[in-house]
Amino acid sequence: MTSRVHTYLWPATRHTLLLAGALVMLAPFIWMLSTASKPQTEIFSSELHLIPHHFALWDNLQTAFAKANLWRYLLNGLIVTISIFSLQVLVALPAAYALAKLRFLGRDVLFALVVFCILIPPQATAIPVFLLLHKLGVLDTYAALVLPFTISAFGIFLMRQFFKTVPDDLIDAARMDGISEFGIVWRVMLPTAIPAVTAFGIFSVVAHWNDYFWPLIVLNSEHLQTPPLAVAQFRNNEAGTNYGPLMAAAIVIIAPLVIAFMFAQRRFIEGITLTGIK
Amino acid sequence: MSDVAATLPPVAATARDRLPVFAGSGSTARSAYALAAPASMLMLMMLIGPLAGVLALSFTDYQLGAPSFAWTGLSNYHEMFADRVFWISLKNTLTYVAIVVPGAVALGLGTALLIQSGAGLRSLYRTIYFLPVMATLIAMAIVWEFMLHPQFGLVNGLLHAAGLQGHSWLQERGTALYSLCAIGIWQATGFNMVLFLAGLVSIPKHLYDAAEIDGAESAWSRFRLVTWPMLGPVTLFVVTISAIRSFQVFDTVQVLTKGGPSKSSEVLIYTMYAEGFEFFRSGYGAAITVVFLVFVLLLTLLKSALGNREVHYA
């Protein structure tokens, strides 16, 4: 009896439950694809059908690209996420190396500060940072989108933990070779830390590509809009009238990360777990 | 840090030889300061300073663009506590957290257990359940809005097909907040699942063998005796992270309901955004932020207090 449960009944139950859940998870994606593929008349019919009678995905995509400068928004997203991530690494890596491998007065205080900063939610500092950017006169520029996120306490913490595991002999050997401390960071530590940097990069890019709160606050100009802001704007302009192109625009906005995720699924999930659990 | 001492070589002589270069010499310390300086300065400018700034602003009547401001003591807080909208907003935020956290944690755990309990299609399921985490929430919120459309949406369509009554989910006072909760759970489950999967994989196999020898035969008793206690720390972490993230709910509210109808889905960060950035009442917005911060701090303290007691080490 138990063996039959083991060979047939349990796997069947497992798959049934997981597939039912998967259907709920996928429903919005399926509905999005379905709506984006329908002409207006089919979208506004109370009869439910998933497969469009008349396939209009290309028309809807064309309308979406014609009504909003989607390429520009994607490019903005790319510029902002890449700038943020490179600057974060540039700032965090040397600090992490100093915290992990060098001794100096005040190191413990600095490390305590890093740990404390991880706990500060991004919305908590929004008003003063906004005022600061206002004073600097950089509101409504790329700088306003990038500057506040050049510092990642979490990045410093993660790299520092990773650098701790690098043997001191490796660093001493580099010193013998006459490499400066600065050189050690980039030529010795960075190559060993690639897994940690990748994991952090996934986190950083996903967070900032999808961020809606900050761009909403600091941007006015349409040509600077990042993808989430653009799709929300698109909805406001098209409210209630044009769901086909709206869904097509949504597909375009989520596509880069979702496709990247599909291709590097394993690494993504490993990256999230590596950085997720402290 | 004491753990630095532990990483030094055990042979005392080597350690002593190394100390002058490693620690004492001025040039190393100077390099260390140079290396840590940009990060320290940015941390003070973008995180610590603004945090202090929020606290200071909450005691002023500063309005963005105003030429000057005055210290007004606790008047922002008095105004806030007397404001019905603030209390509604706080209650809605707590309701959202109270629904989304148990929902997303339980479903995340359930999914992780189901995926891990068999060999078939593991990676396919992981990918599907994780998809909502990757997809830009704003874009998906708009899809949800259309799914919840009173006339042409999928949800009401399915309900009608089953002979049930539909709703104007996002436009009715009784359902708006719960609809946002459902979207929140949909989005957070996959993230929790991945954290639980990591926790499950790290449970040593021999514990299950030992439990079986001790007579724990059913799947349930193996779960109760091994899996659940071993997942303790991960669960605590997942609950805290989920709670902190739920406290920050903003995107779906701003795009789908704007806190409405009649404040039924107003939440803290949205109120802060509206006061601080739409009405430019920076001082008042800062006071709301302080309340938000207190809750996040409480959660963090609660986690470390529980964490010290409940951690089960392998």
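Basis for what follows: all heavy atoms, side chains included, without hydrogens, waters or symmetry-related copies. Residue numbering restarts at 1 for every chain, and letters A, B, ... go by the order of the sequence lines.
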Asks: What's the shortest heavy-atom distance between A:Trp10 and B:Ser117, and which atoms?
Replies: CZ2-OG, 3.4 Å
Asks: With a 4.5 angstrom heavy-atom cut-off, which part of A:Met247 approaches chain B: side chain, backbone, both or neither?
Replies: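 The answer is the side chain of A:Met247.
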Asks: Using heavy-atom distances under 4.5 Å, tell me whether B:Leu158 contacts chain A through its side chain, its backbone, both, or neither.
Replies: both
Asks: Side chain, backbone, both or neither: which part of B:Trp186 has a non-hydrogen atom closer than 4.5 Å to chain A?
Replies: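 Its backbone and side chain both get close to chain A.
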Asks: Do you know the tightest heavy-atom contact between A:Gln123 and B:Thr289?
Replies: O-CG2, 4.2 Å
Asks: Would you mind checking which part of B:Val54 comes under 4.5 Å of any heavy atom in chain A, side chain (CB onward), backbone (N, CA, C, O), both or neither?
Replies: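 Backbone plus side chain of B:Val54, per the 4.5 Å heavy-atom cut-off to chain A.
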Asks: Drop me the distance from B:Ser31's OG to A:Ile184's CD1, to the nearest 0.5 angstrom.
Replies: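 The CD1 atom of A:Ile184 is 8.5 Å from OG of B:Ser31, to the nearest 0.5 Å.
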Asks: Which atoms of B:Thr189 are under 4.5 Å from chain A, going by heavy atoms: the side chain, the backbone, both sets, or neither?
Replies: side chain
Asks: Given heavy-atom pairs under 4.5 angstrom as the criterion, report whether the side chain, backbone, both or neither of A:Ala92 touches chain B.
Replies: neither
Asks: If we define contacts as heavy-atom pairs under 4.5 Å, which of B:Tyr273, B:Tyr125, B:Tyr62 has the most with chain A?
Replies: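 It is B:Tyr125.
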Asks: Heavy-atom distances under 4.5 Å only: say whether B:Leu47 touches chain A with side chain, backbone, both or neither.
Replies: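 Both parts, backbone and side chain.
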Asks: Give me the ring orientation class for B:Phe277 and A:Phe213: parallel if the planes are under 30° apart, tilted from 30 to 60°, perpendicular past 60°.
Replies: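 Judged by the thresholds at 30° and 60°, the geometry between B:Phe277 and A:Phe213 is perpendicular.
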Asks: Going through the distances and angles, do A:Leu132 and B:Met46 end up as a side-chain contact (heavy atoms from CB on, under 4.5 Å)?
Replies: CA-CA 9 Å; A:Leu132 177 71; B:Met46 294 298 170; 4.0 Å; yes
Asks: To the nearest 0.5 Å, how far apart are CZ in B:Phe191 and CD1 in A:Ile269?
Replies: 11.5 Å
Asks: Looking at A:Leu19, A:Thr13, A:Leu257, A:Val24, which has the largest count of heavy-atom pairs under 4.5 Å with chain B?
Replies: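 So the answer, after comparing A:Leu19, A:Thr13, A:Leu257, A:Val24, is A:Leu19.
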Asks: Under a 4.5 Å heavy-atom cut-off, does chain A meet the side chain of B:Gln187, its backbone, both or neither?
Replies: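 Neither part.
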Asks: Taking all heavy atoms of A:Ala98 and all of B:Leu35, pick out the closest pair and write down the distance.
Replies: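 Result for this residue pair: CB-CB, 4.3 Å.
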Asks: Taking side chain as everything from C-beta outward and backbone as N, CA, C, O, which of these in A:Val185 sits under 4.5 Å from a heavy atom of chain B? Side chain, backbone, both or neither.
Replies: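 When you check distances to chain B, only side chain atoms of A:Val185 fall under 4.5 Å.
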Asks: Please identify which of these residues, B:Leu121, B:Ile128, B:Leu124, B:Thr111, meets the side-chain contact (heavy atoms from CB on, under 4.5 Å) condition with A:Leu18.
Replies: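 The side-chain contact (heavy atoms from CB on, under 4.5 Å) with A:Leu18 is passed solely by B:Thr111 among B:Leu121, B:Ile128, B:Leu124, B:Thr111.
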Asks: Most heavy-atom pairs under 4.5 angstrom with chain B, which of A:Ile171, A:Leu90, A:Ile120?
Replies: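 Most heavy-atom pairs under 4.5 Å with chain B: A:Ile120.
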Asks: Please report the closest heavy-atom contact between B:Val255 and A:Tyr212, naming both atoms and the distance.
Replies: CG2-OH, 3.3 Å
Asks: Would you say A:Phe116 and B:Leu51 make side-chain contact, with heavy atoms under 4.5 Å?
Replies: yes
Asks: Could you check whether any side-chain heavy atom of B:Ile244 comes within less than 4.5 Å of a side-chain heavy atom of A:Pro121, counting everything from C-beta outward?
Replies: no
Asks: Using non-hydrogen atoms only, which part of A:Ala126 is less than 4.5 Å away from chain B: side chain, backbone, both, or neither?
Replies: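 Both parts, backbone and side chain.
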Asks: Is the closest side-chain heavy-atom distance between B:Met140 and A:Phe29 below 4.5 Å?
Replies: yes
Asks: I'd like to know if the side chain of B:Arg126 reaches the main chain of A:Arg266, judged simply by a donor and an acceptor atom lying under 3.5 Å from each other, with no hydrogens or angles considered.
Replies: no
Asks: Could you grab the distance from atom CG of B:Leu301 to atom CG of A:Leu119, nearest 0.5 Å is fine?
Replies: 9.0 Å
Asks: Given side chains that start at C-beta, do those of B:Thr136 and A:Val231 come closer than 4.5 Å, heavy atoms only?
Replies: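 No - every pair of side-chain heavy atoms lies 4.5 Å or more apart.
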Asks: Heavy-atom cut-off 4.5 Å, strictly under: side chain, backbone, both or neither for B:Leu114 against chain A?
Replies: both
Asks: Verify side-chain contact (heavy atoms from CB on, under 4.5 Å) between A:Met25 and B:Phe130, making sure each step is shown before the conclusion.
Replies: CA-CA 9 Å; A:Met25 288 291 154; B:Phe130 198 71; over 6 Å; no
Asks: Is B:Tyr129 in contact with chain A via its backbone, its side chain, both, or neither, using a 4.5 Å heavy-atom distance?
Replies: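 Backbone plus side chain of B:Tyr129, per the 4.5 Å heavy-atom cut-off to chain A.
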Asks: Before giving the answer on side-chain contact (heavy atoms from CB on, under 4.5 Å), spell out for B:Tyr33 and A:Leu102 the whole-Å C-alpha distance, their side-chain angles and the decisive distance to 0.1 Å.
Replies: CA-CA 10 Å; B:Tyr33 289 126; A:Leu102 302 177; over 6 Å; no
Asks: On a heavy-atom basis, which atom in B:Met134 and which in A:Asn210 lie closest, and how many Å separate them?
Replies: O-ND2, 3.3 Å
Asks: Can you tell which part of B:Ala34 gets under 4.5 Å to a heavy atom of chain A, answering side chain, backbone, both or neither?
Replies: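 The answer is neither part of B:Ala34.
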Asks: I'd like to know if the side chain of A:Arg103 and the backbone of B:Ala29 have a donor-acceptor N/O pair within less than 3.5 Å.
Replies: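 No; judged by distance alone, with no hydrogens or angles, the pair does not exist.
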Asks: Which region of A:His15, side chain (C-beta onward) or backbone (N, CA, C, O), has a non-hydrogen atom less than 4.5 Å from a non-hydrogen atom of chain B, or is it both or neither?
Replies: both
Asks: Can you say whether B:Val133 sits under 4.5 Å from chain A via the side chain, the backbone, both, or neither, judging by heavy atoms?
Replies: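 Just its backbone gets close to chain A.
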Asks: Nearest 0.5 Å, please: how far is CZ in A:Phe234 from CD1 in B:Ile142?
Replies: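 Atom-to-atom, B:Ile142:CD1 and A:Phe234:CZ are 9.5 Å apart.
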Asks: At a 4.5 Å cut-off on heavy atoms, which part of A:Ser34 comes close to chain B: side chain, backbone, both, or neither?
Replies: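 Contact with chain B: none, neither part.
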Asks: For the interface with chain B, which of A:Leu26, A:Ile217, A:Val129 has the highest count of heavy-atom pairs at distances below 4.5 Å?
Replies: A:Ile217
Asks: Looking at B:Leu197, B:Leu131, B:Leu293, which one has more heavy-atom pairs under 4.5 Å with chain A than the rest?
Replies: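 Max contact count across the listed options: B:Leu131.
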Asks: Please name the pair of heavy atoms, one in A:Pro128 and one in B:Pro50, separated by the smallest distance, quoted to 0.1 Å.
Replies: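 Minimum heavy-atom contact is CG-O, 3.2 Å.
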Asks: Can you find a heavy atom in the side chain of A:Ile127 that is under 4.5 Å from one in the side chain of B:Met272?
Replies: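 A side-chain contact under 4.5 Å exists here.
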Asks: Under 4.5 Å, counting heavy-atom pairs only, tell me which of B:Thr300, B:Leu42, B:Leu154, B:Leu297 racks up the most with chain A.
Replies: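 The residue among B:Thr300, B:Leu42, B:Leu154, B:Leu297 with the greatest pair count is B:Leu154.
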Asks: Quick one: of B:Met41, B:Met45, B:Glu145, who has the most non-hydrogen atom pairs under 4.5 Å with chain A?
Replies: B:Glu145
Asks: Pick from A:Leu17, A:Thr150, A:Leu131, A:Val258: which one has the most heavy-atom pairs with chain B under 4.5 Å?
Replies: A:Leu131
